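Read through the structure below, which is laid out as structure tokens, and then see the notes.
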Amino acid sequence: MSAVTVPDVKRPPHFPEEHYLNNSFSLKSWLTTTDHKRIAWLFFVALTFMFFIGGAAATVMRLELLTPAGDLVSDGSYARLFSTHGIIMVWFFLIPSIPNTFGNFLLPMMIGAKDMAFPRINLLSWYVYMLGAGVLIGALFAGSPDAGWTFYTPLSTQYTDPATIIAAVGVFIVGFSTIMTAINFIVTTHRLRAPGMTWFRLPLFVWSMYAVAILMLLATPVLAITLLMVTVQHWLGIAIFNPAMGGDPLLFQHMFWFYSHPAVYIMLIPAMGVVSELITTFSRKQVFGYEIMVFSMLMISLASFFVWGHHMFVAGESVYSALIFSVMTFIVSVPSAIKIFNWTTTMYKGKISFDAPMLYGVSFIGLFLVGGLTGLILAMTGLDMNLHGTYFVIAHFHYIMVGGAVTAYMGALHYWWPKITGRMYPEMWGRAAAIAIFVGFNATFGPQYLLGVAGMPRRYHTYPPVYQVLNEASTAGAVVLAVGYALPFCYLIWSLRYGKIAPPNPWGATGLEWKTASPPPPHNFEEPVMVTDKPYDYIKYDAEHGEWQGRP
Amino acid sequence: MNAKSDQIKEQFETLEQQKSADRLGMWIFLATETMLFGGLFFAYTASHTLHPHVFSEASHELEWNLEFGNTAVLLTSGFTMALAEIAVSLKRRGLTTLLLLTTIFLGIWFLVVKGVEYVDDFQNGIVPFIAGGYFYTGPSPEIAKLFFNFYFALTGLHAFHMSIGVLLLFIMTTLAWRWRDPDKLTRQMTIVGLYWAFIDVAWMVIYTTLYLLQQ
Amino acid sequence: MKLKIKNPWLQLTAVWLAMLCLFTISVGLAFAPIGVWHSVINLIIAGILVMSIMTFFMHLKDSEGLLRLTAGTGFFWLIILFTLSLADYFSRYSF
Amino acid sequence: MSVWIISLLADGVIVQFLPPAATPMAHLVDQLFFWMVGISGVVAMALTAAIGIVMVRYRRGAKRNRKFHINKKRELWVEFTWSLIVFVAFMAFFYAGANLYVKAFSRPAQALRIDVTGKQWMWKFEHPNGAREIDTLHVPVNRVIELEMSSVDVIHDFDVPAFRVKHDVVPGTHMHLWFEPTRVGSYDLYCNQFCGLGHSKMRGQIVVMKQDEYANWLQHQQVPGSPSEQGAELFRAHGCSGCHIGNATVHAPHLAGIYGKTVHLSDGTTKIVDDAYIRDSILFPKRDVVAGYPPIMPSFRGQLSEGEIQLIISYIKAMPHRYKR
Ligand code: HEA
Ligand code: HEA
Ligand code: CUA
Ligand SMILES: [Cu+2]
């Protein structure tokens, strides 16, 4: 990547004269921007807001579960809390999280493009997201959804608060935002790569965005039509999934999980992309098995469509199908295993430093490992018939989604923060938060595995007293976790003003995004980009720039 | 970048690149549309396996003959649209406008006939979700409702797409009439043409399975 | 036997006429007393019609491989949805 | 070695929390589960240890030999090898799980069949001789019991942790589940599929009795009572008590002593409570909504016969006063 002028490292860090944040200031310039970097900010603000709503709901839930009786909130409120929590966290936070913020910000820069292929559709995607979020929040005021994030029929269509359906409409709308972003990712990756940026020179993060876009495009429409059918069934009172009129409730489950299992990988693959970047950068070593990493991500994209039935092992699907879905589930898990081994091998004989992003990266590996291994236990039909619907499942997916994906998101936030804002975050606070989150997380969800083993069903507002001790432990952990998440919120805002000014490449990393100023100029690069190297060539980097001396 | 013509948007280097990006984008969008229709179709098929007899009896209520002509109309409109694309690429303004108008005409014809069929359906009492619209007397009228719901969902979704298509064609016609920028128009027409043809594809499948298979 | 038709107008017209014929045959056969076979033939003809719309009206004929691949993915993924779930429907109460 | 100890410890912790295992199937499930926890524990510990050692050993400050040569071919072999190992292990897991599952979900040839109906938010059972119970199921020990389950409203799930099996109860279908309790005792029954607000209260007990005790118990069931007693039974059986009893969490009016009184309706009018009014309240609850209450009462049209409604009315007339607020 030699044709890019390397910014002078010797000069003390300074802000570039003009960058994407200061070329205009008005509110209008933000709301009508087509700059992918600014759109990333728009998403970032909205997503943070939604995450806090979802997190607040979780906190109230945890407090309610302190005692066996339902003494803090009523049964109806509890149902609303976990439904809201699930819906917001899945569709309004985690699915768009990494793609719409970091993907938007970085994908064009990483491939040496000036912008996305369809910048206006990119902006539209944000407006559609906001519309969906608006409808959802409207639903919260109109009575709140209370059928869980899974909208199982006939409960959602005939037996709950009509606001459930409004929430479904919100999710339906936000699906189009996902689709638009995904179209942009794929077309941009195909058509806008800089000269010399061949497919196998793409950073793994770009590959992860590509793989996840495939998933989004093929899965989301099925969710859209499913929710549409639920809505129509509710409003017109017609039968589609209604057993009383010949419909089949399991049909809904098939269609929902045909989307939602791929959706869990939609949440995971971007995290894998991020972690791949973190691990190589802070090990200063080429990723081990780059091609295999790419193929395993693409394999996950394809194969994750074959396994949805593992959510229905005891729901009444045929035993034969259950077995097929179980075996497919195991097959899809192989690529995940490969990735874990490859990350470990990448670190081997590296030159490892422990900056906050790396701490997040490593805790991702550990927590995803635990979540994945318990996923295997659930994928065993004979064990799922015991564990299905218990807190074991809750713990499984929080380990992957919170311990894995959200942790990777935090890692990405710290890693690219200097690039995005031009300022460094305070390192000591960064590490403290990473550790607080890790500890708090395990304290929250570790006990839930035991609760599941003990048989406590999920979505229980009151529970038999035998489960109280473990629930108390979990709630205590949740408090630590909440503090852990509140910390970055505070010090990152602080750093916007008082943080040290960041050099263009604080981590001595190799990606194209580090070859331009921090924050980047409006069109990303001052000069045309030309790529000549394989990715992550740290040997060459060190030869050219001298060894990296740690963060400035 | 000064040599770049103003036809090319900022993020692209060449016109060819931009064109191919647009087309790829459209095709990807159509793939998602396939999944959208396909999902509904799947729901229909699955319900069909549960009540095959009721479904095939109920499908006899549909007016295959009306839609037979209609399908031919739709195929023809796809044809005229494809011709319009050629015409615009040959820079023949009048012909383009004429072909576009023909396409619109055929599209609206299709929608009108569809509307006529809906009215007939109402009179024949196979509209389960309107008060007074349902007095079907075939086997298991309660379950047959399921079939009619799917019928309206599928054709309704299709008609919705048609209407958007007609709207787009109107815009294209205006642009063709003004003839400001034939090159740009050629590119836009390719995109709209893809969408219009996709509507044909969806209809072929709907007609075959809903109307023909059970006869 | 590669027929080279240079004139796109002619080519499209030929395709259109052929499609109309095929379609009429399909509808005709739907009423022929040939048992379930008519369903099979109907479906095959529908497939052919869909393919020809995509090849000619949607220009896949002279598009690069990527676009053809994209066009195919939607259908391929639907096949996944159909086969795996219908497998459940057809074997549900047999255990 | 030490990792084995650690995972054994993990199993040791888990044992503390397991519910009692009351069927042979439960023991099989536990066995397999212990194996899996052991294996996962070993894998997790091994990988964590590997990562930890690498991180410490190759930290930036440390002086180490960092030469790392590997050619593409070797690399592919490495990747292939560990993928294959993982794959084989996974297939073994699949097989072990499938084995149990098929066993648990194949229908037994001979069994004591009991009908189960799930309803918001209660379990109703009917024994072969017609004896009925609610929320508590008495079964004999050492017999294969097969449940034939259906639901009248939404999806529920019949879950007895002590038996380590569960199954959804889906409206419009009949689902089956069997178990063979081998330990006398009383075990928790949960509804494990979210079914609305009362989901967490849809709990019950499975009472496993000695065979002769069960026979004895069955003998003493089914004593038809006076109309108001039968009405009381219906009142419980159809879940009226879930809402209309003193300590229910749902906000619904108390019915004790209501007969003959005047009620205020939400549209501002008043009505006198007589037979017709109560009948209407049961069949068309949305028609007259009592002022100050949410219109959440479900309609019982098609579920209660006229005769049954008469029995319920006679029960409401005679309603015991301890239900008063
Ligand atoms: C990001 C989200 C995410 C991810 C990535 C996964 C990944 C996996 N999930 Fe999870 N899952 C969820 C989110 C996720 N899941 C959610 C939200 C639910 C509940 C939904 C609801 O009902 O509300 C759920 C539920 C769920 C169920 C249904 C449980 C039930 O309701 O009864 C099952 C069952 O098979 C399952 C399995 C798996 C498996 C096998 C993986 C695998 O992909 C994991 C692969 C990873 C590994 C296996 C680890 C690394 C492996 C090695 C290091 C190999 C070496 C190991 C050995 C040789 C032993 N999941
Ligand atoms: C991306 C997904 C995601 C994320 C991030 C989380 C995050 C958390 N979840 Fe989540 N959870 C789900 C997805 C997620 N969850 C889903 C899909 C379900 C199933 C729903 C269903 O059954 O339908 C579920 C269900 C679920 C349950 C089970 C409810 C039940 O079945 O009865 C519980 C219980 O403990 C729980 C707890 C938590 C906690 C403590 C966090 C914490 O990690 C949250 C921490 C974050 C914050 C607290 C916000 C940031 C902090 C601050 C701003 C500080 C100040 C704020 C306060 C002090 C309030 N969740
Ligand atoms: Cu019944 Cu939950
Ligand atoms: Cu899954």
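These numbers were taken from a predicted model, which means no experiment stands behind them.
Using a 4.5 Å heavy-atom cutoff, the side chains of A/Gln253 and A/Tyr152 are in contact. Using a 4.5 Å heavy-atom threshold, the side chains of D/Asp157 and D/Phe194 count as separate. With contacts defined as side-chain heavy-atom distances shorter than 4.5 Å, the pair A/Phe200/A/Tyr290 qualifies. At least one side-chain heavy atom of D/Met202 sits under 4.5 Å from a side-chain heavy atom of D/Cys195. The side-chain heavy atoms of D/His176 and D/Met149, taken from C-beta on, include no pair separated by under 4.5 Å.
Side-chain contact, D/Ser186 with D/Gln205: a donor N or O sits under 3.5 Å from an acceptor N or O. For the residue pair A/Ser333 / A/Ser336, no side-chain donor-acceptor distance below 3.5 Å is found, with atom types taken as modelled. Checked by atom type, the side-chain pair A/Tyr463/D/Ser200 shows no donor-acceptor distance below 3.5 Å. A donor-acceptor pair shorter than 3.5 Å cannot be found between the side chains of A/Gln448 and A/Asn471. Side chain to side chain, A/Ser77 and A/Ser74 meet the donor-acceptor criterion of an N or O pair below 3.5 Å.
Interface remark: D/Val165 contributes backbone and side-chain atoms alike to the contact with chain A (heavy atom separation under 4.5 Å). At a 4.5 Å heavy-atom cutoff, A/Ala379 makes no contact with chain D through either its backbone or its side chain. When heavy atoms are compared at a cutoff of 4.5 Å, D/Lys103 does not approach chain A at all. With a 4.5 Å cut-off on non-hydrogen atoms, A/Val370 does not touch chain D at all. Residue D/Ile53 does not touch chain A at all, counting heavy-atom pairs closer than 4.5 Å. Only the backbone of A/Thr153 comes within contact range of chain D, with at least one heavy atom under 4.5 Å from a heavy atom of that chain. At a 4.5 Å heavy-atom cutoff, the contact between D/Asn65 and chain A is made by backbone and side-chain atoms alike. For A/Thr462, the parts lying under 4.5 angstrom from a heavy atom of chain D are both the backbone and the side chain. For chain D, no part of A/Val466 is nearby; none of its heavy atoms comes within less than 4.5 Å. Using a 4.5 Å cut-off between heavy atoms, A/Asn342 touches chain D through backbone and side chain atoms alike. When heavy atoms are compared at a cutoff of 4.5 Å, A/Pro335 does not approach chain D at all. Proximity to chain D is limited to the side chain of A/Glu291, based on heavy atoms less than 4.5 angstrom apart. Only the side chain of A/Ile340 comes within less than 4.5 Å of a heavy atom of chain D; its backbone N, CA, C and O stay farther away. In this structure, the portions of D/Arg59 lying under 4.5 Å from any heavy atom of chain A include both its backbone and its side chain. Using a 4.5 Å cut-off between heavy atoms, A/Phe282 does not touch chain D at all. With a threshold of 4.5 angstrom between heavy atoms, D/Val78 approaches chain A through side-chain atoms but not through N, CA, C or O. Using a 4.5 Å cut-off between heavy atoms, A/Phe295 makes no contact with chain D at all. For A/Tyr78, no part lies near chain D; criterion is any non-hydrogen pair under 4.5 Å. Using a 4.5 Å cut-off between heavy atoms, A/Ala337 contacts chain D through its side chain alone, with no backbone atom that close.
No other option in A/Ile338, A/Asp146, A/Ile292, A/Leu369 has as many heavy-atom pairs under 4.5 Å with chain D as A/Ile292. Interface summary for chain D: among A/Arg284, A/Arg458, A/Lys285, the most heavy-atom pairs under 4.5 angstrom belong to A/Lys285. Chosen from A/Gly247, A/Gly455, A/Pro457, the residue pairing most often with chain D at heavy-atom distances under 4.5 Å is A/Pro457. Counting heavy-atom pairs closer than 4.5 Å to chain D, the top-ranked of the candidates A/Met347, A/Met380, A/Lys349 is A/Lys349. Note: D/Phe94 leads D/Phe93, D/Phe94, D/Phe33 in heavy-atom pairs under 4.5 Å with chain A. Options D/Val54, D/Leu100, D/Ile296, D/Asn192 differ in how many heavy-atom pairs under 4.5 Å they form with chain A, and the most are formed by D/Asn192. Your options are D/Ala50, D/Pro161, D/Pro171, and the one with the most heavy-atom pairs under 4.5 Å with chain A is D/Pro171. Chain D forms more heavy-atom pairs under 4.5 Å with one residue of A/Ala322, A/Gly76, A/Gly350, A/Ser353 than with any other, namely A/Gly350. When the candidates D/Thr48, D/Val56, D/Asp153 are compared by the number of heavy-atom contacts under 4.5 Å with chain A, D/Asp153 comes out ahead. Of the listed residues (D/Leu18, D/Asp159, D/Leu32), the greatest number of heavy-atom pairs within a distance under 4.5 Å of chain A belongs to D/Leu32. Here D/Cys191 is the residue among D/Gly61, D/Ala104, D/Cys191, D/Ala96 with the most heavy-atom pairs under 4.5 Å with chain A. For the set A/Leu451, A/Asp384, A/Leu387, the entry with the most heavy-atom pairs within less than 4.5 Å of chain D is A/Leu387.
A centroid separation of 6.0 Å or more is found between the aromatic rings of D/Trp82 and D/Phe87. In this structure, A/Tyr460 has its ring center at least 6.0 angstrom away from the ring center of A/Tyr467. In summary, the aromatic rings of D/Tyr58 and A/Tyr348 are positioned with their centroids under 6.0 Å apart. The aromatic ring centroids of D/His167 and D/Phe105 lie less than 6.0 Å from each other.
Judged by a 6.0 Å distance limit and a 45° cone about the ring axis, D/Arg203 is not positioned over the six-membered ring of D/Trp123.
Within 6.0 Å of CZ in A/Phe354 there are more than 12 heavy atoms belonging to other residues, nucleotides or ligands.
Evaluation of the ring pair (Phe, Tyr, Trp, His ring centres under 6.0 Å) rule for A/Phe241 yields A/Phe252 as partners, not counting sequence neighbours. Partners of A/Phe330 by ring pair (Phe, Tyr, Trp, His ring centres under 6.0 Å), not counting sequence neighbours, listed by chain and number: D/Phe90.
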